[in-house]
Amino acid sequence: MAHQATPSSQKALMMELKSLQEQPVEGFRITLVEESDLYNWEVAIFGPPNTLYEGGYFKAHIKFPVDYPYSPPTFRFLTKMWHPNIYENGDVCISILHPPVDDPQSGELPSERWNPTQNVRTILLSVISLLNEPNTFSPANVDASVMFRKWRDSKGKDKEYAEIIRKQVMSTAAEAERDGVKVPTTLAEYCIQTRVPSQDSSSDLLYDDLYDDDMEEDDEEEDESEMESIGEAGGICAVEDGGTSTRHYDNQDDSGNEDS
């Protein structure tokens, strides 16, 4: 469908695409759905190692409005996702993608919503953080929210949620093979930044590890430095700089920013 494109939105999107090509975000690949259309992007998300999503290949579309960046884009998963903050149709429910209006009924502060200083990079980091840190205060998928709470509160002993995610991860292998994509399965592979001449993407991806019964004790030495950064990013690849992060369950506040 033809867009009534504006020079300012086209320029903004071209600059962001160039930035994401020159400074790729680990764990993401971005291409244009059609070479001639800057307003529709396809995103491939690789599941970070040491999380339930390890080995996964998740595809999504970002659709930009013609007045971008003054209005937010939409982010929809094409891959089937079972998650408290993802609707059945794949739409992601997250504050950063909500229009910048004052709506007291939503429970969101205006500062938590979209503003023109946000960009694709911050969206990607917010989405990957949301996968690991669901907000169950106002879920888009109530059943997934209840199941996630059971998994979290039992510290992984209730495995129903984890098993569904792992089945979804396994089901993405065929899609990756069809696309000729090698999904990273080790931290070293995941953290490699590759500059590409086309429309591939991304930056400093931070991601908190999900609960793992087999997690080694030496991981605990690296836990403390990263907890403050979960809302903005989180740190799967920060381990190369001497830090990493791990999932904490006690006293978790479910009234975070990523609500419906």
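All values below come from the heavy atoms of this structure, side chains included, with hydrogens, waters and symmetry mates left out.
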Separation of Glu16 CD from Trp41 CH2 (nearest 0.5 Å): 5.5 Å

Derivation and outcome, side chain to side chain contact (heavy atoms under 4.5 Å, CB included), residues His61 and Leu78: CA-CA 7 Å; His61 275 172; Leu78 304 178; 3.6 Å; yes

Gap separating the CG atom of Leu131 from the CD1 atom of Ile45, nearest 0.5 angstrom: 6.0 Å

Check: Pro73 main-chain N/O paired with Trp114 side-chain donor or acceptor under 3.5 Å: no

Residues Asn141, Glu88; criterion side chain to side chain contact (heavy atoms under 4.5 Å, CB included); working and verdict: CA-CA 7 Å; Asn141 182 330; Glu88 187 175 351; over 6 Å; no

Minimum heavy-atom distance Ile96-Pro72, with the two atoms named: O-CB, 4.5 Å

Name of the residue among Phe46, Phe28, Tyr53, Phe77 meeting ring pair (Phe, Tyr, Trp, His ring centres under 6.0 Å) with Phe58: Tyr53

ILVMFWY network linking Met170 to Ile164, side-chain heavy atoms under 4.5 angstrom: no

Non-hydrogen atoms of Asp67 and Ser71 that approach each other most closely: OD2-OG, 2.7 Å

Closest non-hydrogen atom pair, Tyr161 against Pro84: OH-CD, 3.7 Å

ILVMFWY cluster, Tyr70 and Ile62 together (side-chain gap under 4.5 Å): no

Residue list, side chain to side chain contact (heavy atoms under 4.5 Å, CB included) with Thr186, at least two apart or on another chain: Ala188, Glu189

His83 side chain vs Leu130 backbone, donor-acceptor pair below 3.5 Å: yes

Flag side-chain contact, heavy atom, 4.5 Å: Asp179 against Tyr57: yes

Steps toward side chain to side chain contact (heavy atoms under 4.5 Å, CB included) verdict (Leu32, Leu17): CA-CA 9 Å; Leu32 295 179; Leu17 195 59; 4.2 Å; yes

Nearest-0.5 Å distance that lies between atom CZ in Arg178 and atom OG1 in Thr172: 10.5 Å

Backbone of Glu54 reached by a side-chain donor or acceptor of Arg166 within 3.5 Å: yes

Considering all heavy atoms, the nearest Ser154-Lys150 contact: OG-O, 2.9 Å

Short side-chain to backbone donor-acceptor contact, Ser9 and Val66, under 3.5 Å: yes

Listed partners of Glu177 passing side chain to side chain contact (heavy atoms under 4.5 Å, CB included), at least two apart: none

Verdict with supporting geometry, Glu175 and Lys59, salt bridge (charged side-chain N to carboxylate O under 4.0 Å, His left out): CA-CA 9 Å; Glu175 181 91 16; Lys59 297 174 78 170; 3.2 Å; yes

Parallel, tilted or perpendicular: rings of Phe148 and Trp151 (30°, 60°): tilted

Distance (rounded to the nearest 0.5 Å) between Ile128 CD1 and Ile123 CD1: 14.0 Å

Gln168 side chain vs Trp82 backbone, donor-acceptor pair below 3.5 Å: yes

Val183 vs Tyr190 side-chain heavy atoms within contact, under 4.5 Å: no

Side chain Ser19, main chain Met15, donor-acceptor under 3.5 Å: no

Reported NZ-to-OG distance for the pair Lys80 and Ser171, which is rounded to 0.5 angstrom: 11.0 Å

CG-OG1 distance between Leu125 and Thr122, expressed to the nearest 0.5 angstrom: 7.5 Å

Verdict with supporting geometry, Thr74 and Asp91, side chain to side chain contact (heavy atoms under 4.5 Å, CB included): CA-CA 8 Å; Thr74 59; Asp91 283 347; 5.7 Å; no

Atom of Tyr68, atom of Val120 and distance for their closest heavy-atom approach: OH-N, 3.9 Å

Minimal non-hydrogen separation, Ser138 against Asn135, with atom names: N-ND2, 3.8 Å

